[in-house]
There are 2 protein chains.
Amino acid sequence: MRIGELATRTGVSVRALRYYEEQNLLTSQRSPSGQRQYPDSAVDRVQLIQQLYAAGLPSKSIAELLPCVVNGEATPELLDRLSAEQDRIDSRIGDLVSARDRLGTVIAAATANWRTGQRCRLQ
Amino acid sequence: MRIGELATRTGVSVRALRYYEEQNLLTSQRSPSGQRQYPDSAVDRVQLIQQLYAAGLPSKSIAELLPCVVNGEATPELLDRLSAEQDRIDSRIGDLVSARDRLGTVIAAATANWRTGQRCRLQ
DNA sequence: CTAAAACCTGACGCTGACGTCAGAGGCAAG
DNA sequence: CTTGCCTCTGACGTCAGCGTCAGGTTTTAG
C-alpha cells in the first residue's frame, strides 16, 4: 500500500510516517517513481511504534529496541535495555497512580463539601 | 524563605520556580528590594505542581485546577474537569501497563531463546 | 568595606514529534 | 489531455518546560 492508505489505516499522519522513516523506525520499498510502498505488516509495526511512544520512549530508544522486539535479535545488552525501560515505565505508572489518587482525594473532599456546605474549604 | 532555598528544598531549579510563577502556579511576596519571599507551605505546593506535571498535565490545566486542589474552591464545573483529568490519567496508565506487558513478553521470549538457542527468533 | 554569592528581569536557545507550506512530479478518470 | 488528488523532498514553524547568558542590584561573609 502507499503512504496515504497506511496513514488512514493507522490513524497516524503522513508526516509522522515519513518522520518514522527518517528516524529509522520504519522502512519502505520504493516504486520506480520513488513512491513509498508498504506491506500489510506495516500497520502492526506502526501501531507498535505508537505504543512505545505512548510509553514515553524517545525515537532513539525505539530505534535501538525495535530490532529486538520485532526480530528477537537480543543480545544481553539489549535485554538489559529492555528491562531498564520496563522499570522506567513501572515508576511512571507509580507516579500516575499516586497523582490519580491525589485527585481522587480532592474530588471526594470537594464533593462532600459541596453537598453539605455550598462553600468549600478542604480541611 | 528566598527562591534559592525553595529550590534546594524541592529539588527544582530556580528557573523552573520563576517559570511556575509566570504560569500562575505559584505566588510570592516580594521584599522591598523585589526579591521573592515564600512561606514554608510553598515546599508542598511545589511538590504538588511537580506531581501534576508528572501526571502529564500541562501548566494551563494545573493553573485551572490548583485553586480547587489547594483551597477546595470547587464548582461543579471544576469537579468535572478534575474527574476528566482522572480519566485521562487512568487511560495513560492503561497504555503504560500494556506497553510494559508487551516488553515483558518480548523479554521472556528473547531470554528463552537466548538460553536455549543462542540465535534468537521470536515465535 | 569589599568581594563573593544570591537575586532580579529580559531574552534567546534547546529538544522532540510532528504541522505546514512551497514547488514539482505521478496517476487514474472522464 | 487535463483535471484533480496523491506523493515527493526540503525547509521552516510550533509548543512546553525549562537552560543559559547578559547586565545589573542586593545580601551576606570576612
Side-chain angles (χ1 to χ4, degrees), chain A residues 1-39 42-43 45-66 85 88-89 92 95-96 99, chain B residues 1-39 42-43 45-66 85 88-89 92 95-96 99:
Chain A
M1 79 190 78
R2 293 190 301 172
I3 198 170
E5 188 180 346
L6 182 57
T8 60
R9 285 177 60 178
T10 56
V12 169
S13 74
V14 168
R15 177 65 175 93
L17 294 176
R18 290 200 269 248
Y19 176 74
Y20 296 165
E21 184 168 323
E22 196 179 312
Q23 302 297 310
N24 300 312
L25 307 182
L26 189 62
T27 57
S28 60
Q29 303 288 354
R30 296 304 184 107
S31 76
S33 65
Q35 299 199 345
R36 292 174 178 83
Q37 290 291 339
Y38 298 96
V43 175
R45 175 83 170 225
V46 170
Q47 283 165 355
L48 173 57
I49 294 172
Q50 290 281 95
Q51 190 173 21
L52 295 178
Y53 271 129
L57 285 93
S59 42
K60 190 175 177 183
S61 299
I62 298 180
E64 290 165 15
L65 298 179
L66 266 183
E85 293 296 344
R88 271 186 8 86
I89 294 175
R92 287 277 302 138
D95 291 348
L96 289 179
Chain B
M1 78 190 78
R2 293 190 300 171
I3 198 170
E5 188 180 346
L6 183 57
T8 60
R9 285 176 62 178
T10 57
V12 169
S13 74
V14 168
R15 177 67 176 91
L17 294 177
R18 291 200 268 248
Y19 176 74
Y20 296 165
E21 183 168 323
E22 197 179 311
Q23 303 296 311
N24 300 312
L25 308 181
L26 188 62
T27 57
S28 61
Q29 303 290 350
R30 296 303 183 107
S31 76
S33 64
Q35 298 200 349
R36 293 174 177 83
Q37 289 291 340
Y38 299 97
V43 174
R45 175 83 170 228
V46 170
Q47 283 165 354
L48 172 58
I49 294 172
Q50 290 281 97
Q51 189 172 20
L52 295 177
Y53 270 129
L57 286 91
S59 43
K60 190 174 176 182
S61 299
I62 299 180
E64 290 166 14
L65 298 179
L66 266 184
E85 292 298 344
R88 270 186 8 85
I89 294 175
R92 287 277 301 139
D95 291 347
L96 289 179

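Quick caveat: nothing in here was measured; it's all calculated off a predicted structure. Letters A, B, ... mirror the listed sequences (proteins, then strands); counts begin at 1.
- Helix-axis bend for the helix from C/dC1-D/dG30 to C/dG30-D/dC1: the local axis fitted to the five terminal pairs at one end deviates from that at the other end by 0°, rounded to 10°.
- Few gaps surround CD on B/Glu22; more than 12 heavy atoms of other groups in view lie less than 6.0 Å from it.
- For A/Ser61, the side-chain hydrogen bond (donor to acceptor under 3.5 Å, both in side chains) partners at least two apart in sequence or on another chain are A/Arg81.
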Study note, to complete from the structure: Under a 4.0 Å heavy-atom criterion, the protein footprint on nucleotides 21-30 of chain D, written with B, S and -, is -----SS---

**Study point:** Under 4.0 Å protein heavy-atom contact, by nucleotide of nucleotides 18-23 of chain C - B base, S sugar-phosphate only
**Key:** BBB---

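- Taking OG1 from A/Thr8 and CE from A/Met1, the interatomic distance works out to 8.5 Å, rounded to the nearest 0.5 Å.
- When each of A/Leu57 and B/Arg30 is assigned the nucleotide of DNA chain C with its nearest heavy atom, B/Arg30 is the one assigned upstream, toward the 5' end.
- Applying the side-chain hydrogen bond (donor to acceptor under 3.5 Å, both in side chains) criterion to B/Ser13, with sequence neighbours excluded, gives no partner residue.
- Following rounding to the nearest Å, A/Tyr38 (OH) and D/dC6 (C1') show an atom-to-atom distance of 14 Å.
- Summarising the geometry, atom CD1 belonging to A/Ile3 is positioned 7.5 Å from atom OG belonging to A/Ser28; distances are rounded to the nearest 0.5 Å.
- Note that CG of B/Leu26 and CG of B/Leu6 are 6.5 Å apart. Values are rounded to the nearest 0.5 Å.
- As a whole-Å value, the separation of B/Arg18 CZ from D/dA16 P is 21 Å.
- In this structure, NZ of A/Lys60 is placed 13 Å from C1' of C/dT15, rounded to the nearest angstrom.
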Pairs of donor and acceptor atoms involving the side chains of residues 46-60 of chain B, under 3.5 Å and at least two apart or interchain, shall be tabulated with distances.
residue, atom, partner, partner atom, Å
B/Gln50, OE1, B/Tyr20, OH, 2.6
B/Gln51, OE1, A/Arg102, NH1, 3.2
B/Gln51, NE2, A/Ser98, OG, 3.3

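- Partners of A/Glu21 by salt bridge (charged side-chain N to carboxylate O under 4.0 Å, His left out), not counting sequence neighbours, listed by chain and number: A/Arg30, A/Arg36.
- Judged as a side chain to side chain contact (heavy atoms under 4.5 Å, CB included), and not counting sequence neighbours, the contacts of A/Arg2 are A/Gln35, A/Gln37.
- Remark: A/Arg88 engages A/Glu85 in a salt bridge (charged side-chain N to carboxylate O under 4.0 Å, His left out) (not counting sequence neighbours).
- Distance, B/Ile62 CD1 to D/dA16 P: 12 Å, rounded to whole Å.
- Side chain of B/Pro58, nearest nucleotide from D/dC8, C/dT9, D/dG17: D/dG17.
- Phosphate proximity of C/dT9 to B/Arg36: present, with a side-chain N or O under 4.0 Å from OP1 or OP2.
- Atom pair B/Glu21:CD and C/dT9:P shows a separation of 8 Å (rounding to whole Å applied).
- For the pair B/Ile3 CD1 and D/dC18 P, the computed distance is 13 Å after rounding to whole Å.
- The CD atom of B/Gln29 sits 14 Å away from the P atom of C/dC8 (whole-angstrom rounding).
- Under the side-chain hydrogen bond (donor to acceptor under 3.5 Å, both in side chains) criterion, A/Ser31 pairs with A/Ser33, not counting sequence neighbours.
- Spacing between atom CD of A/Glu22 and atom P of D/dA11 amounts to 12 Å, rounded to whole angstrom units.
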